[in-house]
Amino acid sequence: MCRGGGAIIGAVSGFFGGSVDEIIQRTIEFMLTLPLLPLLLAFSALLRGFQIPFLPPEWSSAVIIAIILIALDGCSRRA
């Protein structure tokens with residue numbers, strides 16, 4: 001999932017180029033500089049009420065989505 005999302009972000013950034021590329025890459029670089037745990041906590045707090053339809057309700061969808069979003073930054077940087 002990380003490599004696919006990173007490849008999509010990299011493809012969009014490369015296809016549009018210019019200011020779109022700059023915005024995407026600066027956002028990725030900013031996310032890479034932040035420590036992982038506080039970033040996970042912040043994303044989890046923002047996504048607290050969100051539930052993925054196919055997951056059991058006892059699973060925390062917010063934490064799963066936060067981990068995916070955090071993992072995308074490194075993958076998109078390498079793609």
Side-chain angles (χ1 to χ4, degrees):
M1 185 163 230
C2 175
R3 289 180 193 250
I8 291 171
I9 291 172
V12 168
S13 177
F15 179 76
F16 288 107
S19 61
V20 173
D21 179 41
E22 287 293 320
I23 291 170
I24 291 173
Q25 292 307 315
R26 296 309 150 241
T27 304
I28 297 298
E29 288 174 1
F30 176 72
M31 288 178 67
L32 285 170
T33 62
L34 297 174
L36 182 63
L37 184 60
L39 197 57
L40 283 174
L41 292 173
F43 275 130
S44 295
L46 287 173
L47 301 169
R48 183 174 306 225
F50 186 77
Q51 179 64 34
I52 299 174
F54 57 86
L55 288 179
E58 61 269 5
W59 288 18
S60 177
S61 299
V63 173
I64 294 170
I65 293 171
I67 290 172
I68 290 170
L69 290 174
I70 300 304
L72 282 177
D73 64 356
C75 291
S76 63
R77 184 72 175 159
R78 286 183 225 116

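The figures that follow rest on heavy atoms only: side chains count, while hydrogens, waters and symmetry mates do not.
- Sorted by first then second residue, the salt bridge (charged side-chain N to carboxylate O under 4.0 Å, His left out) pairs that include residues 31-43, not counting sequence neighbours, number zero.
- Here salt bridge (charged side-chain N to carboxylate O under 4.0 Å, His left out) pairs that include residues 6-23, with residues two or more places apart or in two chains, are Glu22-Arg26.
- Applying the salt bridge (charged side-chain N to carboxylate O under 4.0 Å, His left out) test to pairs two or more places apart or on separate chains, none has a residue in residues 6-18.
- By the side chain to side chain contact (heavy atoms under 4.5 Å, CB included) test, Phe30 pairs with Thr33, Leu34, sequence neighbours left out.
- Ile28 and Ile23 end up in different hydrophobic clusters when Ile, Leu, Val, Met, Phe, Trp and Tyr side chains are linked at under 4.5 Å.
- Without hydrogens or angle criteria, Ser13 side chain to Ile9 main chain gives no donor-acceptor distance under 3.5 Å.
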